[in-house]
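The first residue of the sequence shown is numbered 1, and numbering continues consecutively from there. From a predicted model like this one, the values you see are computed outputs, not experimental measurements. Order of appearance sets the numbers: ligands from 1, and atoms from 1 within every ligand.
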Amino acid sequence: MQSTSEQLRTSRTSDESEPVVLVVGGSQGIGRSIGLAYARRGARVVAVARTASVLASLAEDAAAAGLTMGTLAADISEDGAPEQVVDAVVDTHGRLDNVVYAAATTRRKPSLTVPPSDFVDGLHVNATAAFLTAQAAARRMVDTGGGSIVTIGSLNGMRGMAGTAMYSAAKGALVSMARCLAVEWAPLGVRVNVIVPGFIETEAPGKAFRDPTIRAEMLARIPMGSFGTPDDIAEAAYFLGSPSARYVTGQTLVIDGGAAA
Ligand SMILES: NC(=O)c1ccc[n+]([C@@H]2O[C@H](COP(=O)([O-])OP(=O)(O)OC[C@H]3O[C@@H](n4cnc5c(N)ncnc54)[C@H](OP(=O)(O)O)[C@@H]3O)[C@@H](O)[C@H]2O)c1
C-alpha cells in the first residue's frame, strides 16, 4: 500500500458523531451492499478492495445517491496491510467503531492436486488477514469504549463440498475464531460475530449462477425457493454492528432461505 493519506479518498462532510465503519472487501457484491446500508444510515464508511476503478465507481454511485463513501485501494493480504488500513481510517476519522470483513478468494480445485501455495495463500486472505484486521481494529476500539467486528463466513464452513478444502477450512476458522475473540474481547466492549450467507446472487454472479443446470440444482436446495440478495446480508450486518445487538457476541447468523435448516 502506498501513502495512505493519498489513497484514502473520503469526504469530511459526514456527521462526526456518526459511527465509523471499515468494510474490507467493500467494493462490490455483499461488501458493497453492507457499506451502502451503513452509509444510508449516516455512518462514515470506508470501503477497501484492491481494484481502484471498482472503488471509484462505488464512490460515484454513492455520490449520485446522495451518500458519502470513502474508499481505500489496498491488498489486505500484504504484510502490514491490516494495520495500515486501520491506521488510515483512524487518522482520517479519529476513531473506528465497526469492521466488516468480506474479502475472500474461492480457488475451487480438486484436493488431491491443489498446489500448496494455493491453500496457504487462500487461507491467508480468507482467515489470517481477517484475524489481523480484527486485531488491529480492536486495539483502536478499546480507546473509544469498544466496537463491533463482523466477518462473512460461508455454508462451506459448515458442510462438505468437493474441491473447497481451503475455502471451507478458512470459513470454518472464522466461526471458531469469532467465538474465541468474543470471549477474550467482551470485557473490552468489542463484539465479534459471523454472518453465514447461503446462495446470494450478486451483481457479478459466477459461472455457477449462470449455468442453468447448476442454478436449478442450487435452487432445489433452498426451501424458500429463491436466491438471497446482497441486501439480505447487509441488513443483518447492519443489525449486528448496531446498538440493537449490544448483547450479541460470538454468534453465527446463517442467512440462507432455510438451506442449512
Ligand atoms: N455470494 C455468495 O453467494 C456468497 C455465499 C457465501 C459466502 N460468501 C462470502 O461473502 C463475501 C463476499 O462475497 P461476494 O460474492 O460479494 O464476493 P465478491 O463479489 O468477489 O467481492 C469480494 C470483495 O473482496 C475484495 N477482495 C478480494 N480479495 C481482496 C484482498 N486481497 N484485499 C482486499 N480486498 C479484496 C474484492 O475486491 P478486489 O477483487 O478488487 O480486491 C471485492 O470487493 C465473501 O467472504 C464470500 O466468501 C458469498
Original post:
Just how far is it from atom CG of L240 to atom CD of Q251, taken to the nearest 0.5 Å?
Top reply: 9.5 Å

**OP:** Check V45 against A39 and note the closest heavy-atom contact, atom names and distance.
**Re:** CG2-N, 3.7 Å

Original post:
For ligand 1, does A81 get within less than 4.0 Å through its side chain, its backbone, both, or neither, judged by non-hydrogen atoms?
Top reply: neither

Original post:
Got an N/O contact under 3.5 Å between I30 and ligand 1?
Top reply: yes

Original post:
Which ligand 1 atoms does T51 reach within 4.0 Å, using its non-hydrogen atoms?
Top reply: 38 (P), 40 (O)

Donor-acceptor pairs under 3.5 Å, side chain of residues 46-56 to any protein atom, not counting sequence neighbours: which ones?
none

Original post:
Can an N or O of L155 be found at a distance shorter than 3.5 Å from an N or O of ligand 1?
Top reply: no

Subject >> K171 contact mode with ligand 1 (heavy-atom cut-off under 4.0 Å) >> reply: side chain

Subject >> Proximal atoms of ligand 1 relative to S27 (non-hydrogen, under 4.0 Å) >> reply: 37 (O), 42 (C), 43 (O)

Original post:
Tell me, do V100 and L22 make a side-chain contact under 4.5 Å, heavy atoms counted?
Top reply: no

**OP:** Run through R140, M141, R44, E16 and flag the one making a side chain to side chain contact (heavy atoms under 4.5 Å, CB included) with R95.
**Re:** R44

Original post:
Can you name the closest pair of heavy atoms from K109 and P115 and give their distance?
Top reply: CD-CD, 4.2 Å

**OP:** Give the atoms of ligand 1, by number and element, whose distance to some non-hydrogen atom of D75 is under 4.0 Å.
**Re:** 30 (C), 31 (N), 32 (N)

Original post:
Can you tell which of R50, Q28, R32, M218 gets a heavy atom nearest to atom 29 (C) of ligand 1?
Top reply: R50

Subject >> Residue I152 vicinity, atoms of ligand 1 by number, heavy atom under 4.0 Å >> reply: 9 (C), 10 (O), 11 (C), 45 (O)

Original post:
Can you tell if the side chain of I149 reaches within under 4.5 Å of the side chain of L181, non-hydrogen atoms only?
Top reply: no

Subject >> Spacing of S154 atom OG and I195 atom CD1 [to the nearest 0.5 Å] >> reply: 13.0 Å

**OP:** With R41 as the cation and Y238 as the aromatic partner, state whether NZ or CZ is under 6.0 Å from the six-membered ring centre and within 45° of the axis.
**Re:** yes

**OP:** Can you sort out which atoms of ligand 1 are near G198, meaning under 4.0 Å from one of its heavy atoms?
**Re:** 3 (O), 5 (C), 6 (C)

Original post:
Where the closest heavy atom to atom 33 (C) of ligand 1 is concerned, which of A74, G35, G153 has it?
Top reply: A74

Original post:
Within the structure, does G29 bring an N/O atom to less than 3.5 angstrom of an N/O atom in ligand 1?
Top reply: no

**OP:** With atom 35 (C) of ligand 1 as the reference point, say which of A73, S33, G26, A103 has the nearest heavy atom.
**Re:** A103

Subject >> Greater than 12 external heavy atoms within 6.0 Å of D79's CG >> reply: no

Subject >> Which residues share a ring pair (Phe, Tyr, Trp, His ring centres under 6.0 Å) with F131, sequence neighbours left out >> reply: none

Subject >> Ligand-side contact atoms (ligand 1) for residue partner T202, heavy atom cut-off under 4.0 Å >> reply: 1 (N), 15 (O), 16 (O)

Original post:
Among the heavy atoms of Y101, does any lie under 4.0 Å from an atom of ligand 1?
Top reply: no

Original post:
Can you list the atoms of ligand 1 that are under 4.0 Å from a heavy atom of A102?
Top reply: 11 (C), 12 (C), 44 (C), 45 (O)

Subject >> Shortest reach to atom 34 (N) of ligand 1 by a heavy atom, considering only P197, G157, A49 >> reply: A49

Original post:
Do any nitrogen or oxygen atoms of G31 come within less than 3.5 Å of a nitrogen or oxygen of ligand 1?
Top reply: no

